[in-house]
Chemist: 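Structure provided below as structure tokens; questions to follow.
Naming: A, B, ... by sequence-line order, numbering from 1 per chain.
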Amino acid sequence: MAEMFQILAPDGTVNKPELVPAFDKIEAMYRQMVRTRYLDDRFMVLAKKNQMGTYAQFGGQEASQVGSVMALQPGDYIAPMYRSTGACIAYGWDLHLVIMYWRGHPEGWRIPPHLNMLPIIIDIAAQFPHAAGVAMGLKMAGKKNVVMSWIGEGGTSQGDFHAGVNWAAATESPAIFVIENNGWAISVPRAVQSKADFLMRRAEGYGIPGYLVDGNDLLAVHHIASKAAEHARAGNGASLIEQITYRMRPHTTGDDPKAYRTDAETQDWIDNRDPIDRIRKFLILEKQWDAEREVALKTEVEKEFAEALEKADTYTKPDPAALLEYAMVNPAPHLIEQQQVLADRIRMVK
Amino acid sequence: MAEMFQILAPDGTVNKPELVPAFDKIEAMYRQMVRTRYLDDRFMVLAKKNQMGTYAQFGGQEASQVGSVMALQPGDYIAPMYRSTGACIAYGWDLHLVIMYWRGHPEGWRIPPHLNMLPIIIDIAAQFPHAAGVAMGLKMAGKKNVVMSWIGEGGTSQGDFHAGVNWAAATESPAIFVIENNGWAISVPRAVQSKADFLMRRAEGYGIPGYLVDGNDLLAVHHIASKAAEHARAGNGASLIEQITYRMRPHTTGDDPKAYRTDAETQDWIDNRDPIDRIRKFLILEKQWDAEREVALKTEVEKEFAEALEKADTYTKPDPAALLEYAMVNPAPHLIEQQQVLADRIRMVK
Amino acid sequence: MTQLAEKPNPISEKKVMTLAAALTDGMDIALERDEKVVMYGEDVGVMGGVFRVTTGLQGKHGKHRVFDTPLTEEGILGTAVGMCAVGWKPVVELQFGGFLYAGLDQVISHVSRYRYRSRGRWNTPMVIRFPYGGGLNLLEQHHDSPETYLTHTPGIKVVFPTTPYDAKGLMLAAIEDPDPVVIFENIKLYRSVKEEVPTGYYTVPLGKARKVMDGSDVTLITWGAMVTQCEAAAKAALEAGISCDVLDLRTLVPLDLEAILESVEKTGRVVIVHEANLTSGFGGEIAALIAEKALFSLEAPILRVAGFDTMHSPFNPINHFHRPEPAYIADAIRKVLEA
Amino acid sequence: MTQLAEKPNPISEKKVMTLAAALTDGMDIALERDEKVVMYGEDVGVMGGVFRVTTGLQGKHGKHRVFDTPLTEEGILGTAVGMCAVGWKPVVELQFGGFLYAGLDQVISHVSRYRYRSRGRWNTPMVIRFPYGGGLNLLEQHHDSPETYLTHTPGIKVVFPTTPYDAKGLMLAAIEDPDPVVIFENIKLYRSVKEEVPTGYYTVPLGKARKVMDGSDVTLITWGAMVTQCEAAAKAALEAGISCDVLDLRTLVPLDLEAILESVEKTGRVVIVHEANLTSGFGGEIAALIAEKALFSLEAPILRVAGFDTMHSPFNPINHFHRPEPAYIADAIRKVLEA
Ligand SMILES: Cc1ncc(C[n+]2csc(CCOP(=O)(O)OP(=O)(O)O)c2C)c(N)n1
Ligand SMILES: Cc1ncc(C[n+]2csc(CCOP(=O)(O)OP(=O)(O)O)c2C)c(N)n1
Ligand SMILES: [Mg+2]
Ligand SMILES: [Mg+2]
């Protein structure tokens, strides 16, 4: 039996005091967790009101996403999937762009030049070979940077999971592969995906370090992610991390989890293993946080969201020309002809 | 460090006497090894004379292929790859059909109804999902049969390797996945494929038994393959076996290994680790074999080959109609139209 | 041996069904009639699929007949090949057409070739089904129309049901068919079309187009959700006195070339409409066949109305410019008449 | 911005090269000129590829520029996407066109879409190259012509060099091109064609067809090794007094539609020839474009000569019935003239 790495017990008490980082760092991460949780829930409200398209919530996985992505440094890359919105926000993605992305606004799809963020991947596991390529490229360029990518436990059954991790491992490239094991792949439980007790067992078959981490323990997640990042930065290659967490929300906008899991199971995680509660309890126990600051943070985040929403709402309407932009750098003649077709269609609909 | 399972030392002396099977069984396997080695070399001669198409020799891997396939029982399936000709012959593939297959004669491609042999797969690793499907199907049918499939160490880097092994493991289906690690994927050495010390390390990540076997030790290969087959037959699911062996021959007809490996390396395997020498030495030490029987076996095999070649040479010439047969059971109209096009083409060339 | 003939079921009772319900009903009957039929994929079991098309089937027929699998399209499609070799008839679901790509190697290299490669020893009488097509503002890769990758792959039959009656009859025909069949289930049509459907067993043959509207001025050739769009355009045209022959191909492979040529010979004017991007789309194949077999009947250039040569637009507020609308089809009708 | 113009190199010396040697030379120069260019794949390093097209490049430019990788096409193509995001220009080799399928998801879902998906933030200026085509009696999947899977995939450029001069110039243009380009290297042509090629740097633009023979009776449109077959058929026709315009498309995307239409308007008779199987092949797209843009110039049905709708025949003694031969093309020429 592998042991699950933990620094904080679910009640917020410390297991491994020697591994607790500086409080300002913890506070920064805690703030991101509260912020992303709030945003995630607001986004779902927008989606339900058809003010966003289909949206995949990450609620419950804040420690897992914030704790890992905040182990990165400037110049590092991330290769996110559809559920990584929390990681992307903590990484620095502009909020109004996040909203616009999930609205299907072309300018939301434009990845800002200040972020080494690869596009959000819907095609499960395909981001792992991309991440392996980034890692190999960084190594070849002699850069001291790393790449981090995330996948669900369901995604570990895909061929691309294997091709990507093995490639980075074999080429000793600086990649951190994070499995966010949230128990469910839509309606399919973890057990269907693999007979292995833990998915980080795969690491040995790639000859790289593997870690089993309590994914709802911010400090544990951050500690291991930092360790893997250092390992990579020092030229020692890739790591595979399994973070045990839970999707406290439906799969996406349209999903009703009652069809496949008990409310009791979900409620148990919400009541007893919420990642935000755990770190908040710790901070309060350590007298680093209090109700007043909590209220201030909430207000700040609400304001931030309101502003971002306003910005998104009032953004220039999508220009239909976007449909044919970025199809090719040197557009082939048929694309130029289709610009005319598009112009005609716009005229027809008007 | 995993230990490599061995029953016979390279000099033919016994490590684990308690595991030596009955001599008639060993002799039957030894005969297949001598037979397949002879045939393999004859096939290459045919290929070099353009009397066969491109051919992939298995010379050096006779223990690995014969020892594993002969662990199977009636009703079991095999899912071979392009280098599995030795396994297919030992499994019962009619010799004249083998020749005709490698000649590209349609009747050689027809898999005879008495063999549960899936088609030879060129698309590396794709046979593993097929094998997983057969295994799942056998289990669902309540059959006591198993399926065995082979892959090169290069093939273990493919997504399909992972998808197939994981599927059979997760569904606890009766499959035996054999990695024939022959050191090279054409010109690419084993080290490029993976950072893992041994590829059987992957087994743990699938939650199934993994074995590291001396692939040039017939008895070791057979023992472990039998164990895995029993495990599967008893309803315990899949296994992953890595057999360390060596491709003593070029990759295929057109290949010149001098371009990428030293003659000394190959010669060392030929001189000191030939799988046939090892088991022959053992049989002679045990007084179960002698020069006389060896000569008789050679004569028998030569005769068999001559007859098969004669049969293949005098087989009805391929009927061009074969080009459009078996395209669909219920051919769509365009295929029926193409039969006319084919008839026209035949006329034009005549 | 030719295609199976239509097997109507005149004595059966009828019930109003959506296209989704009709598909479910067809699968239910297939599971009942043939114990070799099994269904698997991602979320098809307890949950009944993301569009609930397999709803109730696991409960009724058991976990050994309808079940969830590891999340891998190459695994789903590759194991189906092996399942066939043991005598099963897998009906597998891919969650969306855009995830076919992740398993395309197994389709192109194996599902399509296994029979040819073994000279009839191993057949692949499986059914592969998935939701496809635009119009719902889901995520990227959830709106793709990947039929060309399949029509170009030999040995695969390609089916596009557009009415509940057809959906059930084509499903049953596809499952019975001894060749691999891919069923494209349009996500817009799943619940937007309803009609009376016999509750019993019947089949609709693969390879027979459906005449949606009868006309003599222009031939509209289409499939899937574009049938609705063409119908709308043709109705509008009719008000202006232009009558269109609207052909719902129902299956692209086998193709009902006879029906196409008959209509083209009558009208001399052709518009082909599909959701997939234009270049190398199946519309090209149809145009080529017409230009070969009915050239001298043509009185106007053959026009195609299709998606742009980009991925299906993920830009919700503007993706109706990408996916053919009745107005664009109407414009093409006007153009072929003016030519 | 339009396509790059041709950049000839008038001052360069010349050397007789095979098509394979010309490709090697082009890659050698690209490695020299641009330090961001790297090459990888299976066996491209020490061994120089199974057809020896990368021979000498690792020795000359180092293992950090030209190297072998794990055996996985999805890995090779997927990592190339990531490499581009760090500023590299990967030129990756797949061992045969028939193994493209194993990595096709990465091409369809990512190589093709990464730029569109990130609105220009991440480009994929890679080159994917592989041997393809029939005629050598190799193993199954070693003779496939998978171009349709790519011409239908938006955002991908598709190049078919047929002469040593073109091979080198198109290789250099492809590597310079900011979009993903796939180069189809014909295994029959690798060593069967030879000519004088400038030793220095030059490019041949993507999107310009090459007129192989000039004629006025029939237009033959083709690419890859079928250029040789068409040339043979056209020469035979010439002896019978029939003159053919033979067009080597050189690139399918971008397509030189102008050259096609100009020729069709002149001859009014078209035969399209390709190795890939007929249905939904790129020939269909060309026929459709002609039936749209030059219909009234046509004096005969458009004919296509192509492979059968099966996999490329693995049956060595009879696979010349599958792959178009000059005699079959000659027959089509006769037919369009008689129409
Ligand atoms: C290649 C592919 N197949 C199927 C899907 C449809 N799909 C979307 S989410 C999902 C479940 C994913 O589960 P998991 O990997 O555990 O990630 P989670 O959603 O739990 O974060 C599936 C099957 C997809 N997006 N991509
Ligand atoms: C999908 C795929 N990619 C590439 C090839 C080309 N190829 C044929 S053999 C080979 C090397 C295989 O090495 P390994 O898996 O170790 O098997 P071995 O040949 O050594 O038995 C390669 C790359 C192929 N057949 N299939
Ligand atoms: Mg999950
Ligand atoms: Mg090998």
Chemist: Distance only, no hydrogens: is a donor on one side chain within 3.5 Å (strictly under) of an acceptor on the other, for D:Y40 and D:T79?
Modeler: yes
Chemist: Under 4.5 Å from any heavy atom of chain D, what part of A:P112 do you find: side chain, backbone, both or neither?
Modeler: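 Only the backbone of A:P112 comes within 4.5 Å of chain D.
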Chemist: I'd like to verify something: which residue of A:A132, A:A79, A:P106 has the highest number of heavy-atom pairs under 4.5 Å with chain D?
Modeler: A:P106
Chemist: Are there residues of residues 98-107 of chain D whose heavy atoms fall under 4.5 Å of chain A's heavy atoms? If so, which?
Modeler: D:D105, D:Q106
Chemist: Tell me, out of D:G78, D:S109, D:P154, who's got the most heavy-atom pairs with chain A below 4.5 Å.
Modeler: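 Greatest number of close heavy-atom pairs with chain A: D:G78.
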Chemist: Under a 4.5 Å cutoff for heavy-atom pairs, which residue among D:P180, D:P70, D:G82, D:A80 has the most contacts with chain A?
Modeler: D:G82
Chemist: Would D:T72 and A:W167 count as having a side-chain donor-acceptor pair, cut-off 3.5 Å?
Modeler: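 No, no side-chain donor-acceptor pair sits under 3.5 Å.
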Chemist: Does any backbone or side-chain atom of A:N116 lie under 4.5 Å from a heavy atom of chain D? Answer side chain, backbone, both or neither.
Modeler: both
Chemist: Heavy-atom distances under 4.5 Å only: say whether A:I121 touches chain D with side chain, backbone, both or neither.
Modeler: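 The side chain, not the backbone.
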Chemist: Indicate whether any N or O donor in one side chain lies under 3.5 Å from an N or O acceptor in the other, for D:R304 and D:H274.
Modeler: no
Chemist: Report yes if the distance between the aromatic ring centroids of D:W223 and D:F184 is under 6.0 Å, otherwise no.
Modeler: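 Here the rings of D:F184 and D:W223 have centres that are no less than 6.0 Å from each other.
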Chemist: Is it the side chain or the backbone of A:A322 that comes within 4.5 Å of chain D heavy atoms, both, or neither?
Modeler: both
Chemist: Would you please indicate yes or no on a ring centroid separation below 6.0 angstrom for A:Y326 and D:Y116?
Modeler: no
Chemist: For a quick check under 3.5 Å, do D:R210 and D:T162 share a side-chain donor-acceptor pair by atom type?
Modeler: yes
Chemist: Output the option from A:Q127, A:H334, A:E325 having the highest count of non-hydrogen pairs under 4.5 Å with chain D.
Modeler: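 Heavy-atom pair counts peak at A:E325.
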Chemist: Would a line drawn from the ring center of D:Y114 to the ring center of D:W122 be shorter than 6.0 Å?
Modeler: no
Chemist: Name the region of A:F128, side chain, backbone, both or neither, that has any atom closer than 4.5 Å to a heavy atom of chain D.
Modeler: neither
Chemist: Under 4.5 Å from any heavy atom of chain D, what part of A:A170 do you find: side chain, backbone, both or neither?
Modeler: side chain
Chemist: For this output row, return yes or no: ring centroids of A:Y315 and A:H105 closer than 6.0 angstrom.
Modeler: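 Yes, they do, as the ring centres are separated by less than 6.0 Å.
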